[in-house]
Amino acid sequence: MAKLGVNVDHVATLRQARGGREPDPIAAAILADLGGADGIVVHLREDRRHIQERDLKLLRDTVPNTLNLEMAVEESVAKIAIQVRPDKVTLVPERRQELTTEGGLAVTEHRERIKALIRAMHNAQIPVSLFIDPDLSQIRAAQKVGADAIELHTGRYANSRESEEIEKEFQALLEGAKLAHKLGLEVNAGHGLTYHNTQPLTEIHEIVEFNIGHSIISRAVLVGMERAVREMKALVSPLSSKI
Ligand code: PXP
């Protein structure tokens, strides 16, 4: 049975759209915990487009289980991580213009920088996961640079539409998960996972944790819509009795 890490970045995206206080990702994290989340994931981006340092610090004090900080291979964020001490960090590629994290980390290309950052995290007793494509050379490199875990990028699987392509991407994840497990790496997976495409991946027993954000936050907005409108309607028109 795999664990579920809930990414609350997009609650912060909605807050930042108005620059105010709501919705607060801290409240969302507490509710996610009540719903059974095994951990909370946030990405402190260099451009601070959603999660802010304030969120990270408050989450450190409130998340009862695992707080997983996604971050770029950047010294400024590394300093914050060492101060805040999340339960783990996940290194991700970060380009300013991208809509979300597109493609995994190129570990083979940036070995030395990644190795140095992992060493700094280990000195602070923070385990490190690397977000990588299901590419066997990247997985081997992840082990060589001293990572504790990998998170397999499920984006290509999630974006596949034809059954042949889905099967091909599933096999790549299966093969990648098996190799990583054999190399002694913990195996996580995430990106683009939804209520429709996640379950088949639970057949890959080497995957111990799924990290899911957008689809959960999207569903939360819709399943909460009717109640939210009903509550406002009751304020605007208390005597109307629509059931
Ligand atoms: N894992 C990593 C490393 C990510 O960067 C993201 C996106 O922030 C996710 C998981 C969650 O992806 P999604 O929002 O598509 O579920």
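Predicted model, so just to flag it, every value in this text is computed and none were measured.
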Output yes when a side-chain donor or acceptor of [X] lies under 3.5 Å from a complementary backbone atom of [Y], and no otherwise.
X	Y	result
Asn197	Thr194	yes
Thr154	Tyr157	no
Asn7	Ile212	no
His10	Ile217	no
Asp133	Asp135	no
Arg85	Ile126	no
Glu70	Leu91	no
Asn65	Ala37	yes
Ser237	Lys233	no

Are any non-hydrogen side-chain atoms of [X] and [Y] less than 4.5 angstrom apart?
X	Y	result
Arg219	Ser215	no
Val63	Asp33	no
Lys57	Val84	yes
Val89	Asn68	no
Leu56	Leu59	no
Met121	Met71	yes
Leu193	Phe210	yes
Val92	Val73	no

Practice task
With sequence neighbours left out, write down each residue that passes side chain to side chain donor-acceptor pair (under 3.5 Å) with Thr202, or none if nothing qualifies.
Solution key: none
Completion exercise
Arg227 meets the side chain to side chain donor-acceptor pair (under 3.5 Å) criterion, sequence neighbours left out, with Glu231
Report all side-chain donor-acceptor pairs from residues 139-148 shorter than 3.5 Å, counting only partners two or more places apart or in another chain.
| from | atom 1 | to | atom 2 | distance (Å) |
| --- | --- | --- | --- | --- |
| Asp148 | OD2 | His122 | NE2 | 2.7 |
| Asp148 | OD2 | Val128 | N | 2.7 |

Completion exercise
When every non-hydrogen atom of Val42 is compared with those of Ile51, the smallest separation belongs to CG1-CD1, 3.6 Å
Problem - For Ala81 against Pro86, the heavy-atom pair lying closest together - result: O-CD, 3.3 Å
Connected via hydrophobic side-chain network under 4.5 Å: [X] and [Y]:
X	Y	answer
Ile207	Ile166	yes
Leu179	Ile150	yes
Leu14	Val8	no
Tyr195	Phe170	yes
Leu136	Leu105	yes

Practice task
Verify the neighbour count for atom CD of Glu175: are there more than 12 heavy atoms of other residues, nucleotides or ligands below 6.0 Å?
Solution key: no
Problem - Residues, nucleotides or ligands: over 12 heavy atoms within 6.0 Å of Glu75 CD - result: no
Exercise for the section: For the pair His191 and Phe131, name the ring-plane relationship: parallel under 30°, tilted 30 to 60°, perpendicular over 60°. Expected result: tilted
Problem - Note: Arg230-Glu226 ion pair, threshold 4.0 Å (strictly below) - result: yes
Problem - Ionic contact status for Lys88 with Glu186, cut-off 4.0 Å - result: yes
Fill in the blank from the handout: From the list His50, Arg48, Arg15, side-chain hydrogen bond (donor to acceptor under 3.5 Å, both in side chains) partner of Asp55 resolves to Arg15
Handout entry: Thr108-Gln138 side chain donor-acceptor pair, cut-off 3.5 Å
Key = yes
